[in-house]
Amino acid sequence: MSRVLPYQARVPVDNGFIEQTWQRLRDAIVQIQRHNESTLSFEELYRCAYNLILHKRGARLYAGLQELLTAEADRIAESVMSTMHGPEFLNGLLQAWREHVLVMQMIRDVLLYVDHNYVPRERLQPVYDLGLAHFRDQVVLAGPLRARLRAVLLDAVRRDREAEPVDRRAIHDACGMLLALGLGSPTVYEEVFESELLAASAAFFAGEGTRLMAERSAAVFLQASQRLLAAERARVDDCLAPTTRPRITELFITHLLAPHLVEAMELDPGGLPALFDALDHDGLRRLFLLCGELRGGRDKMRDLLGAHVLRAGRAIVAEERDAENPLHFVVRLLDLKLQCEQVSAACFDDDRDTRDALARALRTALNEHPRAPDCIAAFIDDFFKRSSKKMSDSAIDDVVQRIIGLFRMLADKDVFELQYRQHLARRLLARTSAEDPERALLARLKEECGSQFTARAEGMFADCHLGRDYADQFALFAQSNKIALPVPVTFSILTKSQWPTPPPFMCTLPQTLRDACAAFERFYATRHKGRTLAWHCGLGSADVHAWFAASGKRHVLQLTTTQLSVLMLFDAPAAPELDFKTVLSATGLSEADARRAVLSLCAPKTRVLLRRGGRDLDPTDTITVNDAFSHALVRVKIAQIAVRDNQANTAAAAAAAAKVAEDRNFQIDAMVVRIMKARKTLPHAALVAEACEQLKSRFVPNPAAIKRRIDNLIERDYLSRGDDRSLIKYNA
């Protein structure tokens, strides 16, 4: 349905009225440009513009406005050019800009109806933007003024970089002016100032990099570079356009960091190794942050730092490889590991990749020591026997944590487990350590490797608790059966499969101890049917109260059972003089054990027995009691010396290696069967690869050994080969 509009007669326009209206509007705009707007009525001026648009005279108004703006821009340019070579040029230009903006805001308000109706319809530039465009083209982009403005801004940045006083507010306002004159685009800012700034900055950064590298110090280079980058970014944030920040940063990286950062890290001396060795946390922190700016920088830093830590670790291994005291090696490696952890936490934000690189270097160095598991086990033994008694619980927990960190890096954990249990056995039997710290370490080992890894060690603790129960029960048994025990005796029951002890042996004991052993055997038979006891004199100890006639001193001698067996041969009012052959026959000891016991009792520091003979202990050497023995302490521990017998040491090492190899065979068999039970069928190569992956948490698996164990399992009908000989099947 169409709608019929009422007829409106076209009213003729009086040209005189139009000219009068425009003249009034023109005069008002001129007064605004001369800052005499206080006498004007903006409402009347708005109506004038409205009438011109209403009567189709928008083109006349827009063209007249352009003429006024052109004239005003020429006047501003002439005024600014008069101060172009003076120190007030920039401030004068900015003052003219601020006034022009204020003028254009008032003109825009007057011509608001033009902006809303005429400009969009005719697709023209808005009034405010038109005024800025005239200022841009006739003032800022005018040849001499443009060059002068660029030179002033570049000089201000240069002086700011040289720490000279500058008016940062003026720089900020000038950049804001250039951005505003782009009318939504940074083109003017980039053409007038930024392009030349970036070119000057590139040259500046290149020169600074060369100058800093002449110092031949990574610390100086890093400190100056970080300060320079922070200053550049602060200047951009305070004065320049936000879009300049990434471009300045990129130039800094391209012309200063990229050519010189890696070179600074590799300086010798004075590079990254020097920073690490000197514990220069500030320098390392700067390096980490600057490397983060450079693509691939942190990867290179990690490589160099890992290589340096590896060299330091290998130096420790080389220096301590043949040292008699293995504890020093572990202490030094723990110190290096602690240094790496502190540096990683304090300087690298505990970055995972950096932490892993340092750990890999330490792990490689540690496992290059042929006796690393033995050294760590010996360190733990010394710590629990000596140091832990003087430390608080928190300090003990800290050391245990550090030990576990080092243990975690071990490749051959099964070798450590054997050595650890051997030391633990001696500590438990001699009761030279507190149980709580021992249990804490055992719990941590269980967390790391599982219950199977610590099962035998836990069994040793269980035997010790059971032994204490047996002691109470045996005391009641002796009392009820009226068995007299002249001396207090404690017996330890060791489960053969749990304790890593050498084969048991018996020696000739004093009659009182033989009677006590026989009584305990009768007691044990009442508790367990079908079990037999094998006495192990090599693990026992005794406290002997001794009086020496010549010195008149009384001492309590702490001896091993074998030392007790030798010393009691001389327990008589008139101490006999026996040769070594007689001692050997009377004690029933092997020659090596008897030799070790006699030499321990004749040692210079605790010369309980005297020996006459050559340097080596011969069967004809005579031995007697040292009646003049005296010592500053009442309780004297007679240390068991280590006899240097290369053949015996080689045999012991071979036995330990054989035990480890046997245990590894069991573990490989169990792992292969477990994998095949789950997978049923698997290619031979895939089975070997998966077994290696599963076993590497305990030791470094040998693929050849795994292949031999697979063949052994096939012979024992646990596995079989398929029609394709490379396929392995599980026999359910």
Side-chain angles (χ1 to χ4, degrees), residues 425-426 429-432 467 484-494 499 501-521 533-548 554-603 605-613 616-627 629 631 635-643 645 648:
R426 287 192 285 269
L429 292 175
R431 299 180 181 178
T432 55
L485 298 175
V487 293
V489 184
T490 301
F491 299 95
S492 298
I493 307 298
L494 312 182
W499 293 74
T501 58
F505 65 90
M506 189 64 175
C507 62
T508 303
L509 297 174
Q511 186 61 44
T512 54
L513 293 182
R514 291 201 297 270
D515 293 342
C517 291
F520 188 82
E521 286 181 340
L533 293 176
W535 295 98
H536 201 322
C537 291
L539 300 177
S541 61
D543 286 350
V544 177
H545 294 259
W547 176 72
F548 297 89
R554 294 181 183 273
H555 293 280
V556 178
L557 305 179
Q558 296 177 291
L559 309 172
T560 65
T561 304
T562 55
Q563 291 171 346
L564 171 69
S565 177
V566 171
L567 186 61
M568 293 306 291
L569 297 177
F570 302 91
D571 184 26
E577 185 174 293
L578 305 175
D579 58 25
F580 178 64
K581 184 177 181 180
T582 304
V583 170
L584 189 62
S585 174
T587 57
L589 294 169
S590 66
E591 182 176 354
D593 292 330
R595 183 182 299 275
R596 186 178 295 107
V598 169
L599 292 178
S600 299
L601 292 166
C602 297
K605 290 185 178 180
T606 54
R607 200 183 299 275
V608 177
L609 298 181
L610 298 175
R611 177 175 69 89
R612 287 197 298 273
D616 296 327
L617 182 58
D618 297 324
T620 57
D621 287 358
T622 59
I623 304 166
T624 186
V625 173
N626 179 15
D627 285 334
F629 175 80
H631 199 278
R635 297 183 67 87
V636 181
K637 179 177 177 60
I638 308 299
Q640 182 85 319
I641 68 170
V643 178
D645 187 343

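- The distance from the CG atom of Leu539 to the OG1 atom of Thr560 is 10.5 Å, given to the nearest 0.5 Å.
- Contact check for Arg596 versus Gln640: side-chain heavy atoms found under the 4.5 Å cut-off.
- Inter-residue side-chain proximity for Cys517 and Phe491 is flagged as met; some heavy-atom pair is nearer than 4.5 Å.
- Here the closest heavy-atom approach between residue Phe570 and residue Ile623 is recorded as CE2-O, 3.2 Å.
- Atom CG in Leu494 sits 10.5 Å away from atom CG in Leu533 (nearest 0.5 Å).
- Without hydrogens or angle criteria, Asp621 side chain to Asp618 main chain gives a donor-acceptor distance under 3.5 Å.
- Between atom CD of residue Gln511 and atom CE of residue Met568 there is a gap of 11.5 Å, rounded to the nearest 0.5 Å.
- Note that CG of Leu557 is 10.0 Å distant from CZ of Arg635, once rounded to the nearest 0.5 Å.
- When atom types are taken as modelled, the side chain of Ser565 and the backbone of Thr508 share a donor-acceptor pair closer than 3.5 angstrom.
- The local environment of CZ in Arg514 is crowded, with over 12 non-hydrogen atoms from other residues, nucleotides or ligands closer than 6.0 Å.
- To the nearest 0.5 Å, the span separating CD1 on Ile638 from CG on Leu567 amounts to 8.5 Å.
- In plain terms, the two heavy atoms of Cys537 and Thr561 that are nearest each other are O-CB, 3.2 Å.
- The closest side-chain heavy-atom distance from Leu513 to Val487 is below 4.5 Å.
- A pairwise comparison of heavy atoms in His631 and Lys605 identifies CD2-O, 4.2 Å as the closest pair.
- Counting only distance, with no hydrogens or angles, the side chain of Arg595 and the backbone of Leu617 share a donor-acceptor pair below 3.5 Å.
- The two residues Ala542 and Leu564 make their nearest non-hydrogen contact at CB-CD2, 3.8 Å.
- Across all non-hydrogen atoms, the minimal contact from Cys602 to Arg607 is O-NH1, 3.6 Å.
- Using the six-membered ring where Trp is involved, Phe548 and Phe629 have ring planes that are tilted, between 30° and 60° apart.
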Worked check of side chain to side chain contact (heavy atoms under 4.5 Å, CB included) between Arg611 and Leu599:
CA-CA 9 Å; Arg611 177 175 69 89; Leu599 292 178; 4.2 Å; yes
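- What you find for Gln563 and Ser600 is that their closest heavy atoms are NE2-CB, 3.3 Å.
- Judged purely by atom type and a 3.5 angstrom limit, Arg612 has no side-chain atom pairing as donor or acceptor with the backbone of Thr622.
- With sequence neighbours excluded, the residues that form a side-chain hydrogen bond (donor to acceptor under 3.5 Å, both in side chains) with Thr582 are Asp579.
- Here the straight-line distance linking atom CG of Leu578 with atom CG of Leu584 works out to 12.0 Å at 0.5 Å rounding.
- Other residues, nucleotides and ligands contribute only 12 or fewer heavy atoms inside 6.0 Å of the CD atom of Glu591.
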